[in-house]
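Read through the structure below, which is laid out as structure tokens, and then see the notes.
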Amino acid sequence: MKKLLKAIPLMLVVLMLTAIVSACGNSGSKVDVGIVLPTKDEPRWVQDEQRFKDELKGTKYSVEILFSQGSSAKEKENVDSLIAKGIKVLIISPQDGDAAAASVEAAQKAGIKVISYDRLITNTDAVDYYVTFDSVAVGKAQAQYLVDNAKGSGQPLYLYAGAASDNNAFLFFEGAWTVLQPKIADGTFKIANSSEAVTLQDKAELSREELSKIISQVTTNWDPSEAKNKAQTHLTAAAADQKGDVAILAPNDGTARSIADVFATDSAITSFVVTGQDAEKASIQYVIDGKQSMTVFKDVRNLVKDAMGMAVTILDGKEPETTGSYNNGKVDVQAKQTDVIVVDKDNVKASLIDSKYYEASEFTGL
Ligand code: GAL
């Protein structure tokens, strides 16, 4: 009994300590800004994570970055857990633009401001802001590169697109089409791998539904192995006059490299020009080595700055600045847009090394 009495104060102290520690734990897990990115499987998003981490070094706000690993269900879980941690601002790049509506509607209900990051969340009014690169300009730049490097007339043109669940895939393709279509109409290019695109080749402007028909046929789903399989299938089916010197619209770097590898092993392909996007390290090496013709450099440092700048402005109770708007199928979302840079062998050093985006030592043969 005596022992027990003696033990009581000790037990109380232990209990109190436990309470204090767990209270600290709770406040420790309080988060101001939640960031949700689509997947670590595409190097593009690992770049974004790194640039966010660099940018966050100086902030007084607490931030947590979560990845959805290609799953809208996981994305919803991520958003719910951030809501539970009391975030005030959500920066989110959706895996699937439509499917993410449920997540951001839950955030909106909790009084959280939502910033769509790089990819627009579609068909919901629960998106407050959009920070993005000029995605139509990305597609235009890719197409212009093919036009500038076209050889002769009737050159076979192979078209590939991103994932139909990603609104950007539409913007990229729409941009590319506005530049390519007149060059298909005037006989410079001849579409080699898409019956849907051939059906629409006389139309200068395509509706979302028409774009969707082509994209569904030539999608890579942003997946290099799907891109590789499609390229192999296309080359197997291609007639002799669809080979020789060819032009290839590849939507991003990961798919560009695998498509380029396939075209490089076909002895009936004399030469090819292939586009890309994201300035992934592996593709910069490909550009230096002459295996990929170009990439579109999206300086993620700028996008990260814009997104965090906006978040901090909101946390400070002020209204962020925007430069335009994007319709997401339901509402016009106020947007801040940033430019892109075309990179090929000629300016790879100036644009990526001199700007300190990458270090020269990360490449060979520069
Ligand atoms: C897009 C993004 C591109 C590219 C692609 C594949 O939405 O804008 O930069 O990374 O996804 O992940």
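Remember, it's a predicted structure, so these values are computed and weren't measured experimentally. Numbering of residues begins at 1 and proceeds along the displayed sequence.
One N or O on the side chain of N78 and one on the backbone of F67 form a donor-acceptor pair closer than 3.5 Å. A donor-acceptor pair under 3.5 Å is formed between the side chain of Q142 and the backbone N or O of G276. Between the side chain of T295 and the backbone N or O of A279, at least one donor-acceptor pair lies under 3.5 Å. In this structure, T275 contributes its side chain and A250 its backbone to a donor-acceptor pair below 3.5 Å. Checking side-chain atoms of N221 against main-chain N and O of A163 turns up no donor-acceptor pair under 3.5 Å. Judged purely by atom type and a 3.5 angstrom limit, S68 has no side-chain atom pairing as donor or acceptor with the backbone of S71.
For K305, there are no salt bridge (Lys or Arg N to Asp or Glu O under 4.0 Å) partners two or more places apart in sequence or in a different chain.
Side chains of S283 and Q292: a donor-acceptor N/O pair is present below 3.5 angstrom, by distance only. With 3.5 Å as the limit, one finds a donor-acceptor pair spanning the side chains of D344 and Y145. Side-chain contact annotation: S195 with Q217, donor-acceptor N/O pair under 3.5 Å present. No hydrogens or angles considered: a donor-acceptor pair under 3.5 Å links the side chains of Q277 and K298. Remark: the S271 side chain and the K151 side chain contain an N/O donor-acceptor pair separated by less than 3.5 Å. Judged by distance alone, the side chains of N328 and N123 never bring a donor and an acceptor atom under 3.5 Å apart. Residues E319 and T313 bring no donor and acceptor atom of their side chains to less than 3.5 Å of each other.
D48 has its side chain out of reach of R51: every pair of non-hydrogen atoms, C-beta onward, lies at least 4.5 Å apart. Looking at heavy atoms from C-beta onward, K330 lies out of side-chain contact with T122 at the 4.5 angstrom threshold. Annotation: side chain of V63 is not in contact with side chain of V31 (no heavy-atom distance under 4.5 Å). Residues D134 and T338 have side chains not in contact (no heavy-atom distance under 4.5 Å, counting atoms from C-beta outward). Between K140 and T178, some side-chain heavy-atom pair lies under the 4.5 Å cut-off. In this structure, L206 and E174 have side chains that are not in contact, with every pair of non-hydrogen atoms separated by 4.5 Å or more. Put simply, the side chain of Q201 does not reach to within 4.5 Å of the side chain of Q181, judged on heavy atoms. Annotation: side chain of L180 is in contact with side chain of F189 (closest heavy-atom distance under 4.5 Å).
Taking the six-membered ring for Trp and the full ring otherwise, Y117 and Y130 have centroids separated by 6.0 Å or more. Between F263 and Y158, the distance separating the two ring centers is shorter than 6.0 angstrom.
Both the sub-6.0 Å distance and the 45° axial angle are not jointly satisfied by R301 relative to the ring of F52. Taking the centre and axis of the six-membered ring of Y286, the NZ or CZ atom of K291 falls inside the cone set by 45° and 6.0 Å.
Heavy atoms of other residues, nucleotides or ligands lying less than 6.0 angstrom from NZ of K228 number 12 at most.
Classified by interplanar angle (parallel below 30°, tilted 30° to 60°, perpendicular above 60°), the ring pair Y160/H234 is tilted.
Between R119 and D166 there is a salt bridge, since a side-chain N of the basic residue sits under 4.0 Å from a carboxylate O of the acidic one. The pair D253-R44 does not meet the salt-bridge criterion, since no charged nitrogen lies less than 4.0 angstrom from a carboxylate oxygen. With respect to E321 and K336, no salt bridge is recorded, no charged nitrogen being found less than 4.0 Å from a carboxylate O. A salt bridge does not link E209 with K213: every distance from a Lys NZ or Arg NE/NH1/NH2 to an Asp or Glu carboxylate oxygen is 4.0 Å or more.
Sorted by first then second residue, the salt bridge (Lys or Arg N to Asp or Glu O under 4.0 Å) pairs that include residues 256-266, not counting sequence neighbours, are K243-D266, R257-E280.
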